[in-house]
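Structure, as structure tokens:
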Number of protein chains: 2
Amino acid sequence: MAILERAHLEIVRAVAQHGSLTAAAKKLHLTQSALSHTIKKLEQALGTDVWLREGRSLRLTQAGQYLLGVANRLLPQLDQAEDRLRQYAQGERGTLRIGMECHPCYQWLLKIVAPYLAQWPDVDVDVKQKFQFGGIGALFGYEIDLLVTPDPLYKPGLIFEPVFDYEQVLVVSKHHPLATSKYINPEQLSGEVLITYPVKTDRLDIYNQFLMPAGISPKRHKVIETTDIMLQMVASGRGVTALPRWLVEEYTSEMGLVPVRLGQQGIAKQIFIGARETDANIDYLKAFVELARQPVS
Amino acid sequence: MAILERAHLEIVRAVAQHGSLTAAAKKLHLTQSALSHTIKKLEQALGTDVWLREGRSLRLTQAGQYLLGVANRLLPQLDQAEDRLRQYAQGERGTLRIGMECHPCYQWLLKIVAPYLAQWPDVDVDVKQKFQFGGIGALFGYEIDLLVTPDPLYKPGLIFEPVFDYEQVLVVSKHHPLATSKYINPEQLSGEVLITYPVKTDRLDIYNQFLMPAGISPKRHKVIETTDIMLQMVASGRGVTALPRWLVEEYTSEMGLVPVRLGQQGIAKQIFIGARETDANIDYLKAFVELARQPVS
DNA sequence: TCAAAACATGAATAAAAATGATATAATTTC
DNA sequence: GAAATTATATCATTTTTATTCATGTTTTGA
């Protein structure tokens with residue numbers, strides 16, 4: 001009945017990765033002959049070719065491409081399962097893999113992680129920030145166990161809980177003309193250089209909740225990866241940015257940054273933590289959410 | 001490096017399914033001795049027990065429960081991959097697995113599927129209606145390839161497209177007092193027996209868009225699985241229900257059913273088809289969505 | 001155009017792993 | 001106390017997997 005073995009998936013992946021049978025064989029600590037034989041047997045068992053032999057190189061058939069997809073999807077899960085079992089073996093509880101869909105939350109997360117690690121010495125924490133299929137996909141695909149995100153998703157299979165609220169504010173240098181404003185209107189940004197994280201504009205609050213409704217664009221839009229550099233740029237008067245108020249307040253004194261309310265009401269934000277429903281009763285996972293729900297010091 | 005093989009997962013699953021090593025061995029066409037040997041070796045390789053030996057029975061350890069979860073998640077995917085490769089081998093393109101999160105859409109789907117099967121003779125179609133982790137989970141978990149649903153989800157990794165619009169209407173027997181109304185208000189249902197599909201009430205349009213906003217409940221709420229029986233009940237005056245207008249109109253003449261608008265504006269609905277982004281370029285999948293987008297005859 | 005590189009194939013073989021056979025002990029369940 | 005179930009051990013057998021070697025083909029590119 002069963003034809004497809006883990007080894008087959010490893011081979012498909014290795015060949016695709018290294019481009020040739022010989023290279024793959026070396027990687028897998030096998031001879032070229034061995035590989036050639038096993039793939040032949042696999043193809044016979046499946047009844048379909050997996051590679052097209054084009055001269056001295058291999059190209060995946062349609063079936064092969066499909067198989068590669070399966071390999072890329074399942075092998076990491078098997079690897080991860082082994083890792084986890086190894087951890088169980090060592091008396092550890094496991095690794096809490098946290099996904100982040102919220103750039104500035106990283107600073108907040110660090111504050112949660114520290115006490116958590118102390119409280120759960122036998123649980124490791126890993127944080128991921130890039131997902132091929134988005135945070136939700138990563139949750140469903142078992143790439144992560146928790147997702148920190150501003151967009152909750154109330155669907156069967158997942159559970160989301162709000163963990164903290166904050167206000168998204170404009171950040172300007174203390175020498176900036178807007179620094180003394182109580183709040184600003186969208187038009188007041190039309191002459192400014194706006195610095196943001198490298199994310200689609202429609203996922204940036206300052207766009208979709210402030211600028212876009214008013215039909216305003218900033219003079220320029222610069223993109224920067226890291227919060228620290230971003231703030232350096234703002235402090236040196238190169239532009240303005242939008243960040244959580246609590247984050248700005250930490251830097252205010254040392255860097256000369258000023259938070260300014262966006263609009264008369266301000267932009268209120270809420271951050272959620274999501275998990276798989278099936279994991280709902282894992283104690284060290286619940287504990288993290290519990291800890292995260294405490295107000296930020 | 002690699003310890004966990006497919007066979008191990010099969011064993012864990014079989015033992016959990018049949019309750020004992022001996023039973024599992026029979027199912028797997030192995031001897032009890034063989035199983036006992038392999039699981040012992042597995043436990044040694046992992047460095048952790050998978051089962052607790054309690055007298056003459058086995059109970060999963062924590063690691064074992066985790067492993068069972070992995071098995072239940074991954075084995076179906078491997079099986080499915082083999083099925084699909086077998087189809088490739090026979091010159092077929094594959095199976096289009098369609099998930100439905102919209103009860104009455106089934107009738108609509110049948111109309112799409114018929115011409116589709118004619119157009120794509122080498123593609124099979126399978127329809128699923130129950131999902132452990134919801135339709136979205138089933139998409140991400142590769143249980144289905146397309147999802148027919150009233151709630152689209154615009155998240156990375158998934159693509160949703162609207163396929164048709166319709167009006168959700170109340171269905172009553174032609175002898176019913178409300179049968180001559182141009183439209184009805186929520187209060188007019190307070191004395192009625194409401195028949196619906198077995199779905200949480202907050203997912204029923206007639207509740208969340210009509211009754212609940214007005215704070216009204218029907219006299220009674222009956223639950224029925226199949227559309228046909230539901231309509232029989234309505235025709236015989238046992239209650240009223242809410243369905244798409246086009247669906248009612250097909251039955252109107254033969255059964256003496258009358259559609260009545262819900263509220264002055266009526267309830268407008270839209271149905272979407274969702275797919276994984278990675279599948280976006282699969283021709284027979286695109287073709288289905290294309291076909292579904294055509295207006296219903 | 002010729003040598004090198006890459007894959008295929010078949011045969012013989014060696015090594016490893018899995019399985020089966022069998023027997024026995026321990027435990028629990030009824 | 002008999003039956004059922006698992007553990008364990010040993011040995012034989014079978015199956016799987018990989019290696020080696022020899023040889024052939026095709027393509028690539030210097």
Side-chain angles (χ1 to χ4, degrees), chain A residues 1-61 63-65 67-68 71 75 78 82, chain B residues 1-61 63-65 67-68 71 75 78 82:
Chain A
M1 276 278 99
I3 301 173
L4 261 190
E5 291 298 324
R6 179 174 187 172
H8 296 133
L9 299 182
E10 308 257 26
I11 292 172
V12 173
R13 183 172 64 173
V15 171
Q17 218 166 65
H18 299 101
S20 84
L21 250 195
T22 321
K26 191 168 294 173
K27 203 71 183 181
L28 297 170
H29 306 294
L30 294 172
T31 60
Q32 175 266 329
S33 178
L35 268 204
S36 189
H37 281 129
T38 40
I39 68 175
K40 162 123 295 193
K41 237 192 298 184
L42 173 64
E43 289 178 323
Q44 280 170 352
L46 292 175
T48 179
D49 282 359
V50 174
W51 289 275
L52 293 170
R53 279 68 173 178
E54 294 195 325
R56 67 174 175 181
S57 67
L58 297 176
R59 212 185 70 219
L60 288 170
T61 61
Q65 286 175 18
L67 202 49
L68 178 59
L75 287 177
L78 280 171
E82 279 187 18
Chain B
M1 276 277 100
I3 301 172
L4 262 189
E5 291 298 325
R6 179 174 186 172
H8 297 131
L9 299 181
E10 308 257 25
I11 292 172
V12 173
R13 183 171 64 173
V15 171
Q17 219 166 65
H18 300 99
S20 85
L21 250 196
T22 320
K26 191 167 294 174
K27 202 70 183 183
L28 297 171
H29 306 293
L30 293 172
T31 60
Q32 177 265 332
S33 175
L35 267 204
S36 192
H37 282 309
T38 41
I39 69 175
K40 162 124 296 190
K41 236 191 301 183
L42 173 63
E43 289 178 324
Q44 280 170 352
L46 292 175
T48 178
D49 282 359
V50 175
W51 290 274
L52 292 169
R53 279 69 174 178
E54 295 193 324
R56 66 173 175 180
S57 66
L58 297 177
R59 211 184 72 218
L60 288 169
T61 61
Q65 286 175 18
L67 201 50
L68 178 59
L75 287 176
L78 280 171
E82 279 187 19

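Proteins get letters first, then strands, A, B, ... in listed order; numbering begins at 1 in each.
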Test your reading of the model: is there a side-chain donor-acceptor pair from [X] to the backbone of [Y], 3.5 Å cut-off?
X	Y	value
Glu43(B)	Thr48(B)	no
Glu82(A)	Leu4(B)	yes
Thr61(B)	Leu52(B)	no

note: Trp51(B), atom CH2; dT8(D), atom P; distance rounded to Å ~ 14 Å
**Message:** What is the distance, to the nearest angstrom, from the CG atom on Leu28(A) to the C1' atom on dT19(D)?
**Reply:**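 Roughly 16 Å, once rounded to whole Å.
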Which atom pair, heavy atoms only, marks the closest approach of [X] to [Y]?
X	Y	value
Ser20(A)	Ala23(A)	OG-N, 3.0 Å
Leu60(B)	Trp51(B)	CD2-NE1, 3.3 Å
Ala63(B)	Asp49(B)	CB-O, 3.9 Å
Leu68(A)	Val12(A)	CA-CG1, 3.7 Å

Would you give me the side-chain donor-acceptor pairs under 3.5 Å for residues 32-42 of chain A, sequence neighbours excluded?
from, atom 1, to, atom 2, distance (Å)
Ser33(A), OG, His37(A), ND1, 3.4
His37(A), ND1, Ser33(A), O, 3.1
Thr38(A), OG1, Ala34(A), O, 3.0
Thr38(A), OG1, Leu35(A), O, 2.9

Check ion pair Glu10(A)-Arg6(B) (N to O, under 4.0 angstrom) = no
Nucleotide N/O of nucleotides 22-30 of chain D paired with protein N/O under 3.5 Å:
from, atom 1, to, atom 2, distance (Å)
dT28(D), O4', Arg56(A), NH2, 3.3

Nearest 0.5 Å, please: how far is [atom2] in [Y] from [atom1] in [X]?
X	Y	atom1	atom2	answer
Arg53(A)	Leu58(A)	CZ	CG	6.0 Å
Thr31(B)	Lys26(B)	OG1	NZ	12.5 Å
Glu5(B)	Leu9(B)	CD	CG	9.0 Å

query: Is Arg13(B) close to Leu75(B) at the side-chain level, that is, under 4.5 Å between some pair of heavy atoms?
result: yes
In numerical order, the residues of residues 39-47 of chain B whose heavy atoms come under 4.0 Å of DNA chain D are Lys40(B)
Task: Near-strand residues of residues 10-26 of chain A, defined as heavy-atom separation under 4.0 angstrom from DNA chain D - done: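 Nothing qualifies; none.
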With five pairs defining each end axis, the helix from dT1(C)-dA30(D) to dC30(C)-dG1(D) comes out bent, to 10°, by 40°
Outermost contacting nts on DNA chain C, any atom under 4.0 Å from chain B heavy atoms, listed 5' then 3', are dA18(C) to dT29(C)
